[in-house]
Amino acid sequence: MPELPEVETSRRGIEPHLVGATILHAVVRNGRLRWPVSDEIHALSDQPVLSVRRRAKYLLLELPAGWIIIHLGMSGSLRILPAELPPQKHDHLDLVMSNGKILRYTDPRRFGAWLWTKALEGHSVLAHLGPEPLSDEFSGTWLYEKSKRKKTAIKPWLMDNKLVVGVGNIYASESLFAAGIHPDRLASSLSVEECCRLAQTIKAVLLRSIEQGGTTLRDFLQSDGKPGYFAQELQVYGREKEPCRVCGTPVSAGKHGQRSTYWCRHCQR
DNA sequence: CAGGCAGCCTGTCGGC
DNA sequence: TGCCGACAGGCTGCCT
């Protein structure tokens, strides 16, 4: 579910409540997530939080003894709440903080993860990730160089974490619309100009969504419990048969793999 | 090796 | 009203 803007929104929301506070302990109500919650997280005690960072769609809590790696999966969200608030059905894990608050993890589908590592370097979930989309390393040149021999459709390829991280199913469709590129185009067919335009629109769409607090379709909540507001600005995602906001042509929908894709057949070539 | 897709889970929605 | 299948923001791992 959450793509980069939702994860970054969560990071910004929780950071001021965690950094400078101490984790007293964790309450794990259901540790059966994508992988079992690490033993070290069950055993946490009196660990100050040094920083809250993000790499791709992973949130990283830096503690003196190591790092908590959090992934929100498809339906996860994190909220800062008063410690006494009773948990509900899918509230699987709390970090109980020294400042009277808790960081509560909610995830109906349990595709998320809470892992522990002493060092980030070389950890299996982080080791093979491509560049951050908002970094200078991710550019039209990078896209073009990587695309030359790629015989995959551009849309599913944008979601390949080895190419660039953080672009999921919503923002792949939205970025291609903004760049005027048809999602079925083979990656190898893109010109260097198109790659530059696409890299630029990916950055712009992600930045705008972060400004709006991400996209809430059903589950996602910002850490204060509010939804993200970028859903109102979606151009094509989830808008099958509705008029294109630019030209009025009904929005098309299809599949790449098992994932829905949306596009405007007039604006995207 | 690249590409495609099943599977992990629960909830919701639409059609019959 | 109820049942059943399809689908949902991600990612790994197995198969061709």
Side-chain angles (χ1 to χ4, degrees), chain A residues 1-11 29-37 54-59 69-78 88-93 105-115 123-130 133 146-176 183-188 202 205-206 209-210 212-222 227-241 253-262:
Chain A
M1 88 125 275
E3 304 182 35
L4 187 142
E6 292 73 39
V7 178
E8 180 60 22
T9 295
S10 297
R11 193 197 68 75
R29 290 180 209 86
N30 187 348
R32 290 171 301 147
L33 304 182
R34 175 175 187 101
W35 299 284
V37 170
R54 179 188 60 72
R55 171 72 173 111
K57 296 172 192 166
Y58 296 93
L59 286 168
I69 302 175
I70 304 169
H71 197 287
L72 302 178
M74 291 275 267
S75 58
S77 58
L78 291 166
Q88 298 191 288
K89 189 171 181 185
H90 300 296
D91 295 343
H92 305 309
L93 197 157
Y105 174 68
T106 306
D107 185 2
R109 293 176 74 181
R110 290 193 279 118
F111 284 1
W114 280 68
L115 301 173
H123 190 280
S124 58
V125 301
L126 304 175
H128 304 292
L129 296 174
K146 299 282 281 185
S147 71
K148 282 178 180 169
R149 273 174 293 171
K150 265 287 160 186
K151 293 189 300 183
T152 319
I154 183 67
K155 188 267 184 170
W157 190 51
L158 287 182
M159 297 166 65
D160 181 344
N161 281 336
K162 291 191 283 299
L163 174 70
V164 60
V165 300
V167 180
N169 204 38
I170 296 178
Y171 300 110
S173 282
E174 291 296 310
S175 301
L176 285 166
D184 288 339
R185 289 272 303 278
L186 294 189
S188 57
I202 287 170
V205 167
L206 294 176
S209 182
I210 292 169
Q212 294 299 300
T215 301
T216 295
L217 295 181
R218 42 174 62 78
D219 298 307
F220 179 70
L221 297 174
Q222 301 189 51
Y229 299 105
F230 193 69
Q232 300 164 22
E233 298 187 23
L234 294 175
Q235 301 295 303
V236 288
Y237 186 87
R239 298 191 64 244
E240 182 178 12
K241 296 179 182 157
K255 292 260 181 203
H256 288 96
Q258 298 128 288
R259 314 303 298 279
S260 298
T261 304
Y262 300 87

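All values reported here derive from a predicted model rather than from experimental measurement. Order of the sequence lines fixes the chain letters, A, B, ..., with proteins taken first and strands second; residue numbering starts at 1 for each chain.
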Q) What nucleotide among C:dG10, C:dG9, C:dT12 has an atom nearest to a side-chain atom of A:Tyr58? A) C:dT12
Q: In whole angstrom, give the distance that lies between atom NZ of A:Lys162 and atom C1' of B:dG3.
A: 11 Å
Q: Output the single nucleotide from C:dA8, C:dG10, B:dA6 whose closest atom is nearest the side chain of A:Gln258.
A: B:dA6
Q. So, is A:Lys57 near the phosphate of C:dC11, with a side-chain N or O under 4.0 Å from OP1 or OP2?
A. yes
Q) With respect to the side chain of A:Phe111, which nucleotide from C:dA8, B:dG11, B:dC8 is positioned closest? A) B:dC8
Q. Expressed in whole Å, how much space separates the P atoms belonging to B:dC1 and C:dC11?
A. 22 Å
**Q.** Distance, rounded to the nearest Å, where A:Leu186 contributes CG and B:dG3 contributes P
**A.** 10 Å
Q) Is A:Ser209 reaching over with its side chain to a backbone N or O of A:Val205, donor-acceptor style, under 3.5 angstrom? A) no
Q | Length of the line joining A:Lys255:NZ and B:dG4:C1', which is rounded to integer Å | A | 15 Å
Q: For A:Arg149 and for A:Lys89, locate the closest nucleotide of DNA chain B by heavy-atom distance; then report the residue assigned to the nucleotide nearer the 5' terminus.
A: A:Arg149
Q) Between A:His90 and A:Asn30, does any side-chain donor sit less than 3.5 Å from a side-chain acceptor? A) no
Q. According to a strict under-4.0 Å criterion, is A:Arg32 in side-chain N/O contact with OP1 or OP2 of B:dC9?
A. no
Q) Can you tell me if the side-chain N/O atoms of A:Arg218 get under 4.0 Å from OP1 or OP2 in C:dC7? A) no
Q.
For the C1' atoms, the ones on B:dG3 and on C:dG9, what distance do you get once it is rounded to whole angstrom?
A. 23 Å
(Q) When both hydrogen-bonding distances must be under 3.5 Å and the geometry is Watson-Crick or G-U wobble, what is B:dC9 paired with, if anything? (A) none
Q: Quick one: label A:Asn161 by what it contacts on the DNA or RNA (base, sugar-phosphate, nothing), any heavy atom closer than 4.0 Å.
A: sugar-phosphate
Q: Taking only the side-chain heavy atoms of A:Arg34 (C-beta and beyond), determine which of B:dG3, C:dG9, C:dC11 contains the nearest atom.
A: C:dC11
**Q.** Donor/acceptor link under 3.5 angstrom from A:Arg109 side chain onto base of B:dC9
**A.** yes
Q) Parallel, tilted or perpendicular for A:Tyr262 and A:Tyr237, by the 30°/60° rule? A) perpendicular
(Q) If I take atom NE2 in residue A:His128 and atom P in nucleotide B:dA2, what distance separates them, rounded to the nearest angstrom? (A) 13 Å
Q. Rounded to the nearest Å, what distance is computed from the CH2 atom of residue A:Trp35 to the P atom of nucleotide C:dC11?
A. 9 Å
Q) Looking at the side chain of A:Pro108, which of C:dG10, B:dG11, C:dT12 is the nearest nucleotide? A) B:dG11
Q.
So A:Asn169 and A:Lys155, do their side chains get closer than 4.5 Å, heavy atoms only?
A. yes
Q | Atom P, compared across C:dG5 and B:dG7: separation rounded to whole Å | A | 15 Å
Q.
Between C1' on B:dC9 and NE2 on A:His92, what's the gap in Å once rounded to a whole number?
A. 9 Å
Q: Using atom NE2 of A:His123 as one end and atom C1' of C:dC11 as the other, report the distance to the nearest whole Å.
A: 14 Å
Q.
Tell me the interatomic distance from A:Trp114, atom CH2, to C:dC11, atom C1', rounded to whole angstroms.
A. 19 Å
Q.
For B:dT10 and A:His90 - does any side-chain N or O of the residue sit under 4.0 Å from the phosphate oxygens OP1/OP2?
A. no
Q) Is there a side-chain contact (heavy atoms from CB on, under 4.5 Å) between A:His71 and A:Leu33 once you walk through the steps? A) CA-CA 10 Å; A:His71 197 287; A:Leu33 304 182; over 6 Å; no
Q) With a 4.5 Å heavy-atom cut-off, do A:His256 and A:Met159 have their side chains touching? A) no
Q) Looking at B:dG3, B:dC5, C:dG9, which one has an atom nearest to any side-chain atom of A:Phe220? A) C:dG9
Q) More than 12 foreign heavy atoms under 6.0 Å from CZ of A:Arg29: is that the case here? A) yes
Q | Residue-phosphate contact under 4.0 Å: A:Thr152 side-chain N/O, B:dG3 OP1/OP2 | A | yes
Q: Please state the P separation for the pair B:dC9 and C:dG13 - nearest whole angstrom.
A: 14 Å
Q: Could you please name the partner base of B:dG15, counting Watson-Crick and G-U wobble pairs only when both distances are under 3.5 Å?
A: C:dC3
